[in-house]
Amino acid sequence: MSDSKSYRFQEIEAKWQKRWVENQLYRVDIQEDKPKYYTLDMFPYPSGSGLHVGHPLGYIASDIVSRYKRLNGFNVLHPMGYDAFGLPAEQYAIQTGQHPAVTTEANIKRFREQLDKMGFSYDWNRQVKTCDPNYYQWTQWIFSLFFTHWYNKNKACAEPIENLIAFFESEGNQNINAHSPYSERFTSNDWNAYGAEKQMEILNHYRLAFIDETTVNWCAELGTVLANEEVVNGVSERGGYPVIRKKMKQWSLRITAYADRLLSGLDTIDWSDSIKEIQRNWIGRSEGAEIDFNVSQTGHALRVFTTRPDTLFGATYMVIAPEHELLQDICSEEQRGSVIAYAEKAKNRSEIDRMADTSKTGVFTGAYAINPFTNLEIPVWTSDYVLASYGTGAIMAVPAHDERDFEFAKTFDLPITAVIKPENEEITLPLTEALSSKEGVCFESGFLNGLNVKDAIVKAIQEIENRGIGTKKINYKLREAGFGRQRYWGEPFPITYKNDQPELVKQLPVELPEVESYKPTGTGESPLAAVSEWVNSAEGMRETDTMPGWAGSSWYFLRYTDPNNLEAFASKEALSYWKNVDLYVGGSEHATGHLLYSRFWTKFLYDLGYLSWDEPFQKLVNQGMIMGEDGQKMSKRWGNVVNPDDVCEQYGADTLRLYEMFLGPLEDSKPWNTNGIEGVSRFLGKFWRLFYNNEAFSVTDEKATEEELKILHKTIKKITEDIPKMSFNTSVSAFMMCVNDLTSLKCHKREVLEPLLILLAPFAPHITEELWEQLGRTESIHTATWPDYNEDYIKENAFTYPVSINGKMRTQLTLPVNMNKEDVEKEVLANEVVLKWTEGKAPKKVIVVPNRIVNVVI
RNA sequence: GCUCGGGUGGCGGAACUGGUAGACGCGCAGGACUUAAAAUCCUGUUCCCAUUAGGGAGUACGGGUUCGAUUCCCGUCCCGAGCACCA
C-alpha cells in the first residue's frame, strides 16, 4: 500500500516466485562437501477450508531458519507434503459421494496455491502425499517389518521372527527374554509337536504387529475404533461422538516394548519441557512390586501391582476389576448373583459416566485372601475403580494411605489400619483422611517398623522376593497402539488370512480398490469388506481394515530424503547424508500421537539397521496459535478467519511474513490485529525508500561513516544472535530501528545497504531479491554469504551512566568507557543533581559498576 | 485435585548473568506538507500531582534477600496447557 508508486510488491513477488521456480533455486541434492541442515514443518492435512493466517506461522519461522542456514553455507533440506489419508475426506465422500482421492487432490491444489504465494523455500521436487501408492507401499512395507519382528529385551532390540522360531525349535521359550504377554512355558519338544496353526498363534503374541481380541474404543457414529489419544473425555476427538468400550479383533503395534527407550530418549532431545512432560505422563512409568495373595479355599492366587509395598501391613482388603478373569472363579455362591449383576453393569458403563462419577461402587465377592505379611484374612471385593487394563487388574487396598481406597473403605465400612506416620509426630485415630504422602516412618509393621518409606519399600520387596510371593516390577500406563480402522480412506494392510492366521502379502503396494459406498457398515467391518472380488483375491482373503491416520505420518520425514525411490523407502546414501531432522516446527497437539509414534518407528528402524540415529526430531519448536481479532479461535464458525491470500493481495507476502513474526514470541498464542500490519507495511516502504527516491534508484557508492557502520554492525550482531534463538519478533524491531536510524542519516550507501539486504532476505525474500538485482547483482541474494559483524565498529568510547540515588534513577552522566571507578565516583559526586540529593553530606556508600550503573546510597 | 507454563501501559510486546522498566509497533493527541484527501514526515503518549522545574507511585497481590528485584526466595490470588480412580 505504502508508496505504491514505487514499491509494487505484487509485481515484484509474482516476478520472483516465477523466476525461482524457473531457476529451480530451492532444489537441493546431496552435496558431500557441505554440512547438511534439515528443517521440517509438520505437514498439513489438506482440509477443504484451506489455510488461514495461523497455519503459516510455523512455516514462516522454519523458512527463515532454512534461508539463514543456507546463507551460512549449509545444504538445507526443507520439504513439504500432505498428510492426505484420514477421516474428514471420507466423511465428505459419504455426504457427497465424491471419491476422497478427488476431493483430496482438489484441496491439495488449493493448499499449494496458498503456500506458493508466501514465498517459501520448499524443494517441491520432494513433495510426498501419504495417499499415493508410491508412498504407502513403503508404509505397508514398514508394517510388514513390524509383523516379522519381535523384541529381545536382553539386547533391547527388535530382531527377526526367524531368530525366535529357531530359538523355540532348539530351546522352547524357557530362556527367552522377549517383550510378550505370552506367559505359558513350552520346551523345544512341545514347540516342534505343535501344529503350524498353533505355532502361528503363539508367534502372534511376540510379533511387534499383532492381531488380538482387545478392548477398543468403538465410535458407532464414525463406524470405527479410535486410538486412546483420539478419545478426549469419553468422546471422539473428531466430531465429539460417544465412544464405548468393546471387544474386537484388532491389529496393534507393540509400542510398549519401547516404553523405556521412549522415556530415556527424551533426555537426549531439545524439546519443550511441557511436551516431554506430556510424553512422560503418557508413558507413565511406575516402579513397584507384583505380589501374589492366596485366596482361601479356592486354590487361586490373586496377583496385584503396588508402588507401595511398604504399606502391605495396612492392606485390609482387596479389589479386583469387574472384568478380571478370576472373578467368577473366586466368588462365593451366595454372592455370585450380585457379582455378575455388578460386572454386567460396569461393563456397559460408558467412559463418560465413569469419569464423571467417581463415587465408589462395588460388591463383595464372598472370597477372602491372606495378607502374606499379617497372615490375616481380608475380604476381596470387586469395583470399577480398579481398572482391568492397568497393572494386574487387581489391587491390595491400603485405605489408610491411599485416597481411593480410603473413600471405598468409608463407603463400605471396611477396616482402616494406619501403618505410616509422619516422622516425630503422632497421628490421631481414626484417620479422617488418607495419609498418602511418600514421607514418613513405618509402625505396626513388624520387620519394617521404624524404617522410612523409601527404605521400607526396598526391604519389603526383598522380603517378598525371598519368600517367593512376588517380584520387583515396573509398570507402564502406555497401552499397545491400536492400528486398525474400519474405514475406507487409509492404507490397506498387506495381509491375507489362511485358516484364520495372518500372512504377509509380498507384492506391494496393496492398492485401495474402488467401492460403491464409503459408508461404514456399522457392523464393525470396513466398507472394503463389501468388495468381494478384492477381498477374495488370488493371494487369499484380505484384511479389510485400513491403517490409522498416523501410519503415514510416522515416517514421512524419512521419505523426504529420497522421495521418488522405487527400490527402497529411502536410499542408504540419502539417509546417511541427511540424517534426522535438525529443527521440527509444529503444533503441540500431537504430543501423544504423531510425535510419540514417530519416535517409536524411528527406534524400530534403527534396531533393524536402516537408520544410524534413533530420535527423529533433534529440536522441536511448538508454534502458538493465532486467534481471531475477537480473541476466539480462528474458525468458520466464528466468522473471524483471516485468509493469507487476502493479506498477500493487500500488503504482500513479505509484509505478511514480517508481521506474523513481529506479533510476538513464536511459541505464544496471540490475537491477529489487522491494524498492526500497517506498521510492518510502512517499515517495508521506508526500507524501499533507502534505495529509491520515488522512481529513481538512489543508492550511492560513497564511503560509509563510522556512525552508519555502527548501526549496520549492531544490526548484524542482533539478527545473527536472534535467529538461532528463534526470537524473530525482536529481529523485526531491530530492523525497524536500523531503518529508522539510516533514514534519519539519509544514508543511501551501497556499503551499508548491501549487507542489510542479506540480513533481511530470510524474512522478506522478495523485496530483498528485487533490490539486490537493482544493485546490479546477477546471482540470487538467497545464494549470498551472511555478513559478519565487526566489534570495532560497535565499540563505544563513552558510556552514559544512569546515576541512581538509593536505587532510583535521578540523572545521567556521560563518561569515557575506560575511566576507572574512583574517577567515576568523583565525577558523580561532583554532579549538581547528586549534590542536591546529598545536601553536602557524605554518602553512606557509592556503588560503581563500570559501564553499567552508579548508585549513591544516602 | 496434581504437574508444567504464565501474569509488565489503552493494545501486541521489549528488558543481557540482579543494574536506566515500558525498546519496536499499533492506537490516541497535536503539528508540517496539500485547495483537499491519501501517502509521508515531526512532536508527545505508564499513572497521579504540578503551568514549568520537579516530585510521588508503579511489572497480579503480600512479605523477604540486596546498594539495587519484572528478574532470586516464601506465601496468596488469577489465567492458560496437560493429566485425571494408573494402585
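Note that these values count all heavy atoms, side chains included, but never hydrogens, waters or copies made by symmetry. Proteins come first, then strands; the chains are lettered A, B, ... in the order of their sequence lines, and each starts at number 1.
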message = For the P atoms, the ones on rC85(B) and on rG27(B), what distance do you get once it is rounded to whole angstrom?
response = 50 Å
inquiry  = At less than 4.0 Å, is any side-chain N or O atom of Asn729(A) found next to OP1 or OP2 of rG12(B)? Yes or no.
reply    = no
ask   = Would you find more than 12 non-hydrogen atoms of other residues, nucleotides or ligands less than 6.0 Å from Arg303(A) atom CZ?
value = no
Which pairs would a plain distance check flag for residues 394-402 of chain A, meaning a side-chain donor or acceptor within less than 3.5 Å of a matching protein atom at least two apart in sequence or in another chain?
unit_1    : atom_1 : unit_2    : atom_2 : d
His401(A) : ND1    : Leu435(A) : O      : 2.9
His401(A) : NE2    : Val419(A) : N      : 3.0
His401(A) : NE2    : Ile420(A) : N      : 3.1
Asp402(A) : OD1    : Arg404(A) : N      : 2.9
Asp402(A) : OD1    : Arg404(A) : NE     : 3.1
Asp402(A) : OD1    : Asp405(A) : N      : 3.0
Asp402(A) : OD2    : Arg404(A) : NH2    : 2.4

Thr316(A) vs Ile416(A), side chain to side chain contact (heavy atoms under 4.5 Å, CB included): CA-CA, chis, key distance, verdict = CA-CA 7 Å; Thr316(A) 53; Ile416(A) 299 170; 5.9 Å; no
ask   = Glu678(A) CD to rA39(B) P: how many Å, rounded?
value = 8 Å
ask   = By side chain to side chain contact (heavy atoms under 4.5 Å, CB included), which residues pair with Glu791(A), not counting sequence neighbours?
value = Lys717(A), Tyr789(A), Ile794(A)
message = Using the P atom as the point on both nucleotides, what is the distance between rC61(B) and rG7(B), in whole Å?
response = 13 Å
Distance between C1' atoms of rC77(B) and rG63(B) (Å, rounded) = 15 Å
query = So what does Gln812(A) hit on the nucleic acid, given a heavy-atom distance under 4.0 Å: a base, only sugar-phosphate, or nothing?
reply = base
ask   = Picking from Tyr317(A), Tyr342(A), Phe412(A), what satisfies ring pair (Phe, Tyr, Trp, His ring centres under 6.0 Å) with Trp381(A)?
value = Phe412(A)
task = Would you jot down, in residue-number order, the residues of residues 274-291 of chain A having a non-hydrogen atom under 4.0 Å from RNA chain B?
result = Glu277(A), Ile278(A), Ser286(A)
Please list, pair by pair, any protein nitrogen or oxygen found under 3.5 Å from a nitrogen or oxygen in nucleotides 65-69 of chain B.
unit_1  : atom_1 : unit_2    : atom_2 : d
rC67(B) : O2'    : Asn855(A) : ND2    : 3.2
rC67(B) : O2     : Asn855(A) : ND2    : 2.8

ask   = Can you tell me if Lys477(A) and Asn281(A) form a side-chain donor-acceptor pair at under 3.5 Å?
value = no
request  = Take atom C1' in rC42(B) and the same atom in rG9(B), then report the distance between them in whole Å.
outcome  = 23 Å
note = Of the candidates rG56(B), rC24(B), rG13(B), the side chain of Pro665(A) sits closest to rG13(B)
query = Within the structure, does a side-chain N or O atom of Arg810(A) lie under 4.0 Å from either OP1 or OP2 of rG56(B)?
reply = yes
task = Using a 4.0 Å heavy-atom cut-off across all strands, classify Lys808(A) as base, sugar-phosphate, or nothing.
result = base
Report, one pair per line, the protein and nucleotides 15-17 of chain B atoms (nitrogen or oxygen only) whose separation is under 3.5 Å.
unit_1  : atom_1 : unit_2    : atom_2 : d
rC16(B) : O2     : Arg852(A) : NH2    : 3.1
rC16(B) : N3     : Arg852(A) : NH2    : 3.1

query = In terms of the nearest nucleotide of RNA chain B, which residue is placed more toward the 5' end: Ser804(A) or Ser733(A)?
reply = Ser804(A)
query = Sequence neighbours excluded, which residues qualify as ring-ring contact (aromatic ring centres under 6.0 Å, His included) partners of His748(A)?
reply = none
query = Counting only side-chain N and O atoms of Arg682(A), is one of them less than 4.0 Å from OP1 or OP2 of rA39(B)?
reply = no
Trace of the side chain to side chain contact (heavy atoms under 4.5 Å, CB included) decision for Lys845(A) with Asn855(A) = CA-CA 8 Å; Lys845(A) 201 171 182 182; Asn855(A) 191 16; over 6 Å; no
task = Between rU76(B) and rA69(B), how far apart are the P atoms? Round to whole Å, please.
result = 24 Å
task = Would you mind classifying the nucleic acid contact of Thr306(A) as base, sugar-phosphate or nothing, using non-hydrogen atoms under 4.0 angstrom?
result = sugar-phosphate
query = Heavy atoms under 4.0 Å, any strand shown: does Asp405(A) hit a base, just sugar-phosphate, or nothing?
reply = nothing
ask   = Taking for each residue the nucleotide of RNA chain B with the nearest heavy atom, is it Lys836(A) or Asp402(A) whose nucleotide lies nearer the 5' end?
value = Lys836(A)
query = On a whole-Å scale, what distance lies between the P atoms belonging to rG12(B) and rG64(B)?
reply = 32 Å
query = Expressed as a whole number of Å, how far does the C1' atom of rA29(B) sit from that of rA81(B)?
reply = 40 Å
task = Indicate, with a heavy-atom threshold strictly under 4.0 Å, whether Trp837(A) touches base, sugar-phosphate, or nothing.
result = sugar-phosphate
ask   = Choosing from rC85(B), rU20(B), rC26(B), which nucleotide comes nearest the side chain of Ile853(A)?
value = rU20(B)
key: Whole-Å P distance, rC16(B) and rG22(B)   = 13 Å
